[in-house]
Amino acid sequence: MIDFNDAPDGFSVGSPQPGVAGRIPAFINSLNDRQREAALTTEGPLIVLAGAGSGKTKMLTARIAYLIEGRGVAPWQVLGVTFTNKAAGEMRERVEKVLRESGSGHLGAPEIGTFHSVCIRILRREIHRTPFTKPFVIYDDADQLTLIKGAMNKLAIDEKSVSPKGVQSAINRAKCDALQPEDVEPSAHNFFERQFKRIYEQYQKDMFANNAIDFGEIICLTYRLLRDHPDLRSSYQRRFRYIHVDEYQDTNRAQCLLLSMLAAPMNGGHGNICVVGDEDQSIYKWRGADIRNILDFEREYPGARIVKLEQNYRSSKTIIRAAGEVIKNNTARRDKTLWTDNPEGVKIIRAQVPDERAEAEFTVSEIKRVAQGENRPYGDFSIFYRTNAQSRQFEDVLRREKIPYQIVGGLRFYDRKEIKDILSYFKAILNPSDSVSIKRIINTPARGIGKTTLDKLDDWLALPENHARTFWDALAKASSDTSLVSAGTGKKLAAFIQLMERFIIEQPKLTLSELYHLILDETAYVVDLRKEGTEEALARIENLEEFDTLLQEFDEDNFFSHAEAPAGAETKPPQKADLLALFIEQTSLASDVDKLDDRSATVKLMTLHSSKGLEFPVVFLAGMEDGLFPSIKNWEETPVEDIEEERRLCYVGMTRAREKLYLMNAVMRRIWGDTHCNEPSRFFLEMPSELLDYKDYSNRLGQGSARSSFVGSSSRYLRDEYSQEAPSDSSVSRRTATFSKMPGTIQNDLVGRQMSHADYGPGTIIAVDGAGDDRKVTVEFRGRQQRKFMLRYVASYIV
DNA sequence: ACGCCGACCGTCCGA
DNA sequence: CGGTCGGCGT
């Protein structure tokens, strides 16, 4: 979609004429030498190794703007590919801002999007060259699995002998490598592989017959389209004359092949491709990311220039040094070292806590303390963890303390059952050949059409003499043919068909919101939920209302953008069916990070993976325990590459922090009901200890009035279990948030006094150091065991 | 056709 | 532990 008038006229007054080749615009001056070199190297292949926080988005933005403004390249000839919608949106925004400020906004916008959105645009445009007969819908993982099960059913392959989930992951893996069913060569004795090839074949047929496409196929099909149609290939090569790829280290084989169709000289391409990546931030190997892409770039594009961006503008020296020391331990990396001119900053706080509850209590009390003490908004804070399951404790405590937070991950809004139901109606209306959606809604709400009936239809469909292609055909047949199903069922089927046909007829006249209300009215969906009356049902109704708001916003946006299109423009007004397709597509491609609002004053919770590309003044990294992070299932058989990927994840997490970094480990953690006692993460050993401020709270349990507020509901028995093994240098330093009020009996002459500690029993104070509130005492207990405590904290034990 | 109960199984995540 | 799914009983 082309944006016609983005530039207010006033902006271009007095600006030099754009498009003068060779002119170097002002925004280039704000780049450092390396960034400038990358931005100005517009011709030929270029690989930019950009460390964390080295300003690669700034460089890319400047480069694209320079191409358009300085070298007179038309915006639509510039392509920018990113991994998330959020990254694409940010880049688009920044490019447009630069162009607008220098008066070139009227030239239009470059094509910037994710691999998937760019490919979908190509596929829609070239749909007559694809197997699709109608606008296709996008299948998510759940839809895909349903289709796989259907394919296995057709082939009479038992789900117990071949796991559908296993097939799904094998199909997706094959698609990452751009392998089609015919490229799969099963080993002769491997039962799974032989079955897999058959299922994959059937699956592909079914998918196309449904006019549906899965995520992997979006890339693969586009690649094959360009590979097999030389005319198309050269036309897109002429169209996208300058190609930019962000996060290149995370591309898979299929994406790499696709790019090579557009740009590689060996395929007749222009070679103007700029890839930006950092192998130290490659964290998606398990998803098919292929490290060879970045290593072999020079081979695919001979004569490629290499530029390294090593200056970090984000973090303190302390954080950069610590992260650098960690990543240094990886072998599979290019030689580069991140450095920074930023201040030294404060030490990294490395806290050891008794359990996951204490971890959350400590985190939240620190957030409160720092937010108050340093006058920071809650939006400055973020909490990262390895797995989504770890978010629970943090949510509980944040909610209790009434601190606003936002959580990334977990269930997507569009993945909620009620939303998926309505979306399935939308999909089926747009594309009745979509059997997965039809099957989902045919008995939602309940219409008395059950599994037996669906199986009968599938069986009928499988008979070769019936030339029906889609499930919808079978449905139509059965609704009138009494030999297939009972008369009663036939009536029910006929009623369903009539309902759907009504929707299909009405749809072109309705806005999305009107269509939505028609569906709800005719199906009594909400009425049924109201009848249920449970809390869960009410939450669903609320979600549906929120969904309606989204629809209305979408309707308005598209009404206005249409209304504002210049008179006489060649673009056709969008049809309602196009808008419906567009909406469905957006929901399929939306991710959770995309809607993360980084300006809101809320604490952000997310996995380490989601954190990539973001930055926060204060970062808490939770669960740094061997086994959990690094995640290790099998201690003997974990290959070193897996540990290196975990180390990169650690590096990514640490380098998100600008000023303050907390690294936490729990001595004990409950996972799936089992208690685990893990060693502190091995990554701690890789950080220079002088950069860490070690705080050991692992013995701080159940100590009556003196206990710190961050120790929550941990049970008492733990104390006995762990007090024996506590590290001997355990020290509790500085104040941590909201200690209970101490009795005001702290005296000067403390050495030699006796105390009775709740954990360690009787002891003698042998030393005092520090001053004021930060005074610490060293106490010797039975067996010459020494411990150091904050005075405020143990004052009540002094006899 | 539907509802309940028990077995199973679980990372990370993305378009 | 907790959600999902499949099978079985009504």
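Nothing here was measured: the structure is a model prediction, and the numbers come from that model. Computed from heavy atoms alone, side chains included, the values below leave out hydrogens, waters and symmetry copies. Every chain is numbered from 1, with letters handed out A, B, ... down the list of sequences.
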Between the protein and nucleotides 3-10 of chain C, which nitrogen or oxygen pairs are less than 3.5 angstrom apart?
unit_1 : atom_1 : unit_2   : atom_2 : d
C:dG6  : OP1    : A:Lys149 : NZ     : 3.1

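At whole-Å resolution of the value, CG in A:Asp140 and P in B:dC13 are 17 Å apart. Between A:Arg386 atom CZ and B:dT11 atom P there is a gap of 11 Å when expressed in whole angstrom units. Look at CG on A:Leu221: it is 16 Å from C1' on B:dA15, rounded to the nearest Å. One interatomic measurement links the two molecules: CD1 of A:Ile120 to C1' of B:dG14, which rounds to 13 Å at whole-angstrom precision. Per the geometry, CE belonging to A:Met606 stands 15 Å off P belonging to B:dC12, to the nearest Å. In this structure, A:Asn388 places its CG atom 5 Å from P of B:dC13, rounding to the nearest Å. Separating the CG atom of A:Leu589 from the C1' atom of B:dC13 is a distance of 15 Å, rounded to the nearest angstrom. The distance from atom CZ of A:Phe629 to atom P of B:dT11 is 18 Å, rounded to the nearest whole Å.
Consecutive Watson-Crick or G-U pairs involving DNA chain B, each under 3.5 Å on both distances, make up stems of three or more pairs at B:1-10 with C:1-10.
Looking at residues two or more places apart in sequence or on another chain, you find a side chain to side chain donor-acceptor pair (under 3.5 Å) between A:Arg124 and A:Glu585. A search for side chain to side chain donor-acceptor pair (under 3.5 Å) contacts involving A:Glu644 returns A:Thr331, not counting sequence neighbours.
Between A:Ser610 and the phosphate of B:dC13, there is a side-chain N or O to OP1/OP2 separation shorter than 4.0 Å. For A:Asn252 and B:dG14, the shortest distance from a side-chain N or O to OP1 or OP2 is not below 4.0 Å.
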Would you list the atom pairs, donor with acceptor, under 3.5 Å between side chains in residues 170-180 of chain A and any protein atom, with sequence neighbours excluded?
unit_1   : atom_1 : unit_2   : atom_2 : d
A:Asn172 : OD1    : A:Gln144 : NE2    : 2.8
A:Asn172 : ND2    : A:Gln144 : OE1    : 3.3
A:Asn172 : ND2    : A:Gln168 : O      : 3.4
A:Arg173 : NH2    : A:Ser169 : OG     : 3.3
A:Lys175 : NZ     : A:Gln204 : OE1    : 2.9
A:Lys175 : NZ     : A:Asp214 : OD1    : 3.4
A:Lys175 : NZ     : A:Asp214 : OD2    : 2.6
A:Lys175 : NZ     : A:Glu217 : OE1    : 2.9
A:Gln180 : OE1    : A:Arg224 : NE     : 3.3

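Figure legend: cation-pi geometry between A:Arg287 and A:Tyr284, with NZ or CZ positioned under 6.0 Å from the six-membered ring centre and within 45° of its axis. Both tests do not hold together for A:Lys604 against A:Tyr405: distance to the six-membered ring centre under 6.0 Å, angle to the ring axis within 45°.
For the residue pair A:Arg669 and A:Asn678, no side-chain donor N or O sits within less than 3.5 Å of a side-chain acceptor on the partner.
Salt bridge annotation for A:Arg392-A:Glu395: absent, with no cationic side-chain nitrogen under 4.0 angstrom from a carboxylate oxygen. A salt bridge is defined here as a Lys NZ or Arg NE, NH1 or NH2 lying under 4.0 Å from an Asp or Glu carboxylate O, and A:Arg682 with A:Glu686 fails to meet this definition. With respect to A:Lys417 and A:Asp421, a salt bridge is recorded, a charged nitrogen being found less than 4.0 Å from a carboxylate O. Residues A:Arg648 and A:Asp280 are not paired through a salt bridge, judged by the lack of any N-O separation under 4.0 Å between the basic side chain and the carboxylate.
The listed nucleotides are B:dT11, B:dA15, B:dC12; the one nearest the side chain of A:Ser631 is B:dT11. When distances run from any side-chain atom of A:Thr84 to the nucleotides B:dT11, B:dC13, B:dG14, the shortest one goes to B:dG14. For A:His609, whose side chain is taken as the heavy atoms from C-beta onward, the closest listed nucleotide among C:dG2, B:dG14, B:dC12 is B:dC12.
A:Phe115 comes within 4.0 angstrom of nothing in the nucleic acid, heavy atoms only.
Aromatic pair A:Phe208/A:Phe132: ring centres closer than 6.0 Å.
Classification of the A:Phe547-A:Phe426 ring pair by plane angle, with boundaries at 30° and 60°, yields tilted.
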- B/S/- contact track for nucleotides 1-10 of chain B, protein heavy atom under 4.0 Å: SS-------B
